[in-house]
Asker: 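This is the structure, below, for whatever I ask next.
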Amino acid sequence: MNRNEVAAALSEIGTLLELLGENPFKTRAYGNAARLIKSMDQDLPTLVEKGELDSLKGIGKALAEKITLLVRDGRLPYLDELRARVPPGLLDWLRIPGLGPKKVRAIHLALGISTLGELEYACQENRLRDLDGFGQASQDKILPGIDRLRRNAGRFLQPVVQQEADRLLELVRGVPGVIRAEVAGSVRRRSETSKDIDIVVASPDPEPVMEQFAASDQVEEITGRGPTKCSVVLKSGPSADLRVVDELSFPFTVMYFTGSKDHNIAMRSRARAAGLKLNEYGLVPENGGDSLPCADEAAIYSALDLPYIEPELREDLGELEAGSQGELPALVSDSDICGILHCHSTWSDGSASIADMASACRERGYTYLGISDHSQAASYAGGLSPAQVLEQHEEIDRLNADLNGTFTILKGIEVDILADGKLDYPDEIMARFDLVVASVHSRFNLSEQDQTDRILKALDNPFVDILGHPTGRLLLAREPYALDLRTVVRAAAERNVAVEVNAHPSRLDLDWRELAVGLRHGLLTSINPDAHSPAGIDHVRHGVGIARKGWCTPEQALNAWPLPRLQDWLKERRTGR
DNA sequence: GCCGTTTTCGGCCCGACTGTTTTCAGTCG
Ligand SMILES: Nc1nc2c(ncn2[C@H]2C[C@H](O)[C@@H](COP(=O)(O)OP(=O)(O)OP(=O)(O)O)O2)c(=O)[nH]1
Ligand SMILES: [Mg+2]
Ligand SMILES: [Mg+2]
Ligand SMILES: [Zn+2]
């Protein structure tokens, strides 16, 4: 088993143990171990071979043994046993809002049912109502929950949640009495997808804020409402949580509601170790007393001996350790982006001419554009024949001459990596490009070994500057193809080939978790909108968010470099061929 | 199940909301 499969197995064990009523701290140990295995730098087989698994904090003797079996044999009798004791359908039930492990187990044991369909029928037949600890209300909540489960994936892309968040923010900011309002949660942390929109408001008078929030025309249903908190489901699919507190608590609540959960736990543990208690209202001495006053989040971090930690980094993936060592990176930001690489034009499947794409870039303050249309194998996308490549280069020469140095268009290409790992043009053509993005657009179903070899071969090709959308994933729609991504990223770093962060909100590929690992091994990236129209250029900000989550500095992103530096880099790669 | 310069046992983040509860468990954030 590879690391992702091992992580999935551990996480499954945790869930199954929960359903069996195990000690919550024990089940969390499995969840933590899964996260750790997924995110660690080290090579899993090597750790197993050397017997060093339990040197990882959070993995002891028992987990080390189980992980070793999973890696070596690809299976684990303990897991098989748990699976035999818990019907698989119960895992689906857990995704219904309001049903947790205790209730799921109680229903299953009392009624002897275990599938979603059976649960639905049991509700329709009023079988749940009379069970101990249940009633009409709890039964009534289940059917709509099942419906919603079937309607959508439960997670949503950045453009959807960001737009909803902006509208809700505007709405609450307009309510009389509101002093401050901010978006929090995974939207603020710039996660690739979000379950919901989390909003924090400071006001001395919560009632009207919650009232107007709940009455918004974006809202489909109110799912919870108390004195400080209101939860709704939006018509567009995601839910939204509003938390209203007084002005003094606001920074603490923003920090709490921004999360992540694991970051919060780490911060609260750190506070405990310092004899303090941290919650969404303040930071108070353990044995009572007033909260330490903190005017903003930075002051809270500072009170715990930490520098400000950017929201994107708050995933409990080493940010507290790095912060306390003074080793947090200065993250790349929108204003660092100097130019745009990887865009399409009407020469292939884009909707705008090269000239229009270039002016769109200029208007946005960028100083260069790397046009990279599709290559000939991508016939469905109007891929360019060698003759068309030459024609396109003549057009770019003419445009550049007109631009007279005020802006530069680079002759790029998004060349297909063919099934055998070769590139889609002969070397004579490849040698003519200023910039080469190489991508997989076909044969997604190769075995992991073959797909990995195919891409490694492309990385060995001296004409390749950037590897495009390395896993081919489409968020919420298509899984990545089978690939040893760690090996590919390491190889790219060694060969000084950049790996793109494709900024299209459905891709965001390379994933930020793997970007972080790669950057620690010297990888370069490029934040590329893969735009097919002028509006598509604006997607670059989604990529910047993901790059930030991957701990990326401007030094590590090609298109955060001024043109001369980028050209030097490209030139050096070309003289090394 | 993991962990440890106050501990190898007794902690493990902390609080809001709901429903069924007659004092709180379960779920969720
Ligand atoms: N302290 C603490 N905070 C939590 C816990 N669960 C959630 N939070 C905080 C941190 C989360 O970022 C924030 C919002 O919760 P959400 O369930 O909306 O998660 P988040 O927005 O991080 O991700 P998602 O909505 O799933 O995309 O609430 C918890 O168990 N303990
Ligand atoms: Mg959220
Ligand atoms: Mg939420
Ligand atoms: Zn592509």
Asker: Please give the distance between the C1' atoms of B:dT23 and B:dG19 as a whole number of Å.
Answerer: 13 Å

Asker: Where the side chain of A:T258 meets the backbone of A:V254, is there a donor-acceptor pair that is under 3.5 Å apart?
Answerer: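 Yes; judged by distance alone, with no hydrogens or angles, the pair exists.
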
Asker: Given side chains that start at C-beta, do those of A:S191 and A:E315 come closer than 4.5 Å, heavy atoms only?
Answerer: yes

Asker: Using a heavy-atom cut-off of under 4.0 Å over every strand shown, decide if A:L36 touches base, sugar-phosphate, or nothing.
Answerer: nothing

Asker: Take atom NZ of A:K103 and atom P of B:dG19, then tell me their distance rounded to the nearest Å.
Answerer: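 From A:K103 NZ to B:dG19 P: 9 Å.
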
Asker: Please give the nucleotide sitting opposite B:dG26 as a Watson-Crick or G-U wobble pair, both distances under 3.5 Å, or none.
Answerer: B:dC17

Asker: Donor-acceptor pair, A:R507 side chain versus A:L474 backbone, under 3.5 Å?
Answerer: no

Asker: How many Å lie between CG on A:D241 and P on B:dT27, as a whole number?
Answerer: 18 Å

Asker: Just to confirm, is there a sub-4.0 Å distance from OP1 or OP2 of B:dG15 to any side-chain nitrogen or oxygen of A:K277?
Answerer: yes

Asker: Does A:R180 CZ have over 12 foreign heavy atoms under 6.0 Å away?
Answerer: no

Asker: Could you give the distance separating B:dC12 and B:dT7 at their C1' atoms, to the nearest angstrom?
Answerer: 14 Å

Asker: Could you give the distance separating B:dT20 and B:dT27 at their P atoms, to the nearest angstrom?
Answerer: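 So the two P atoms sit 13 Å from each other.
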
Asker: Quick one: is B:dA16 close enough that its OP1 or OP2 comes under 4.0 Å of any side-chain N or O from A:R225?
Answerer: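 No, because none of the side-chain N or O atoms of A:R225 sits under 4.0 Å from OP1 or OP2 of B:dA16.
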
Asker: So which one's nearest nucleotide on DNA chain B is more toward 5', A:Q139 or A:E280?
Answerer: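 Mapping each residue to its closest nucleotide by heavy atoms, the 5'-most match is A:E280.
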
Asker: Looking only at atom types and distance, does a side-chain atom of A:S302 sit under 3.5 Å from a main-chain N or O of A:A298, one as donor and one as acceptor?
Answerer: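 No; zero donor-acceptor contacts below 3.5 Å.
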
Asker: Between A:D509 (side chain) and A:T471 (backbone), is there a donor-acceptor pair under 3.5 Å?
Answerer: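 Yes; judged by distance alone, with no hydrogens or angles, the pair exists.
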
Asker: Is the glycosidic angle of B:dT7 within 90° of 0, making it syn, or outside that range, making it anti?
Answerer: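 That one's syn.
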
Asker: Contact class for A:G133 (heavy atom, under 4.0 Å): base, sugar-phosphate, or nothing?
Answerer: sugar-phosphate

Asker: Between B:dC13, B:dA16, B:dG1, spot the one nearest the side chain of A:A62, thanks.
Answerer: B:dG1

Asker: Please find the pair of heavy atoms, one from A:H542 and one from A:Q162, that lie closest to each other, and give the distance.
Answerer: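 Looks like CE1-OE1, 3.3 Å.
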
Asker: Using the C1' atom on both, measure B:dC13 against B:dC28 and round to a whole Å.
Answerer: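 Those two atoms are separated by 14 Å.
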
Asker: Could you tell me the separation between the CG atom of A:L99 and the P atom of B:dG19, rounded to a whole number of Å?
Answerer: 13 Å

Asker: Go through the N and O atoms of the side chain of A:N23 and the base of B:dG1, and report whether any donor-acceptor pair is under 3.5 Å.
Answerer: yes

Asker: Could you tell me whether A:P101 contacts a base, only the sugar-phosphate backbone, or nothing, with contacts defined as non-hydrogen atoms closer than 4.0 Å?
Answerer: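 Sugar-phosphate, no base atom in range.
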
Asker: Does OP1 or OP2 of B:dC12 have a side-chain N or O of A:K26 closer than 4.0 Å?
Answerer: no

Asker: May I ask you to verify if any side-chain N or O of A:S231 is less than 4.0 angstrom from the OP1 or OP2 atom of B:dC17?
Answerer: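 For A:S231, the contact criterion (side-chain N or O under 4.0 Å from OP1 or OP2 of B:dC17) is not met.
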
Asker: C1' atom, B:dA25 versus B:dT21: distance in rounded Å?
Answerer: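 Rounded to whole Å, the distance is 9 Å.
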
Asker: Categorize A:N279 for me: base, sugar-phosphate, or nothing, with a 4.0 angstrom heavy-atom threshold over every strand shown.
Answerer: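 Sugar-phosphate only.
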
Asker: Can you measure A:E18 atom CD to B:dC28 atom C1' for me and round it to whole angstrom units?
Answerer: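 Atom CD in A:E18 sits about 12 Å away from atom C1' in B:dC28.
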
Asker: Give a yes or no answer on whether the side chain of A:R155 reaches the backbone of A:T193 with a donor-acceptor pair at less than 3.5 Å.
Answerer: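 Yes: the side chain of A:R155 pairs with the backbone of A:T193.
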
Asker: Show every salt bridge (charged side-chain N to carboxylate O under 4.0 Å, His left out) that has at least one partner inside residues 99-127 of chain A, sequence neighbours left out.
Answerer: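 As it turns out, the salt bridge (charged side-chain N to carboxylate O under 4.0 Å, His left out) pairs with a partner in residues 99-127 of chain A, which skip direct neighbours, are A:E120-A:R150.
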
Asker: Using the side-chain heavy atoms of A:R268, tell me which of these nucleotides is nearest: B:dG1, B:dG4, B:dC14.
Answerer: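 The listed nucleotide nearest to A:R268's side chain is B:dC14.
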
Asker: In whole Å, what is the span from the CZ atom of A:F25 to the C1' atom of B:dG1?
Answerer: 12 Å

Asker: Measure from the side chain of A:K102, starting at C-beta and using heavy atoms only, and say which of B:dC2, B:dT27, B:dC17 lies closest.
Answerer: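 The answer is B:dT27.
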
Asker: Can you tell which of B:dG29, B:dA16, B:dG19 lies closest to the side chain of A:T228?
Answerer: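 From the listed options, B:dA16 comes nearest.
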
Asker: Pick the P atom in B:dC9 and in B:dC14, then give their distance to the nearest Å.
Answerer: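 Looking at atom P only, B:dC9 and B:dC14 are 24 Å apart.
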
Asker: Rounding to the closest angstrom, what is the interatomic distance between B:dT5 and B:dG1 at atom P?
Answerer: 23 Å

Asker: Across the strands shown, which category fits A:E22 at heavy-atom distances under 4.0 angstrom: base, sugar-phosphate, nothing?
Answerer: nothing

Asker: Using heavy atoms to find the nearest nucleotide of DNA chain B for A:S239 and A:L276 separately, return the residue whose nucleotide is more 5′.
Answerer: A:L276

Asker: Please report, rounded to the nearest Å, how far the P atom of B:dG26 is from the CZ atom of A:F134.
Answerer: 10 Å

Asker: For a quick test of reading the model: is some side-chain N or O of A:S138 closer than 4.0 Å to OP1 or OP2 of B:dT20?
Answerer: yes

Asker: Could you tell me whether A:L242 contacts a base, only the sugar-phosphate backbone, or nothing, with contacts defined as non-hydrogen atoms closer than 4.0 Å?
Answerer: nothing

Asker: Looking at the base of B:dG15, is there any donor atom on it, or on the side chain of A:Y256, that sits under 3.5 Å from an acceptor on the other one?
Answerer: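 No, no donor-acceptor pair under 3.5 Å.
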
Asker: Compare side-chain N and O positions of A:R272 against OP1 and OP2 of B:dC14 and report whether any pair is under 4.0 Å apart.
Answerer: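 Answer yes for this pair, as a side-chain N or O of A:R272 is under 4.0 Å from OP1 or OP2.
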
Asker: State whether A:K195 places a side-chain N or O below 4.0 Å from either non-bridging phosphate oxygen (OP1 or OP2) of B:dG29.
Answerer: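 True: A:K195 side-chain N/O within range (under 4.0 Å) of B:dG29 OP1/OP2.
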
Asker: Tell me, which of residues 113-121 of chain A have any heavy atom that sits under 4.0 Å from an atom in DNA chain B?
Answerer: none

Asker: Between B:dG15 and B:dT8, how far apart are the P atoms? Round to whole Å, please.
Answerer: 28 Å

Asker: Side chains of A:E12 and A:T15: do they bring a donor and an acceptor to under 3.5 Å?
Answerer: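 Side chains of A:E12 and A:T15: no pair found under 3.5 Å.
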
Asker: Can you tell which of B:dA16, B:dG19, B:dG1 lies closest to the side chain of A:K229?
Answerer: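 When the side chain of A:K229 is considered, B:dA16 is the closest of B:dA16, B:dG19, B:dG1.
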
Asker: Please say whether more than 12 non-hydrogen atoms of neighbouring residues, nucleotides or ligands are located less than 6.0 Å from CD in A:E49.
Answerer: no

Asker: Measure from CG on A:L131 to C1' on B:dA25 and round the result to the nearest Å.
Answerer: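 Nearest whole value for this atom pair: 16 Å.
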
Asker: With a 4.0 Å cut-off on heavy atoms, is A:L63 in touch with a base, just the backbone sugar-phosphate, or nothing at all?
Answerer: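 Sugar-phosphate, backbone atoms only, no base.
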
Asker: In whole Å, I'd like the distance from the CD1 atom of A:I59 to the P atom of B:dG1.
Answerer: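 Answer to the nearest Å: 13 Å.
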
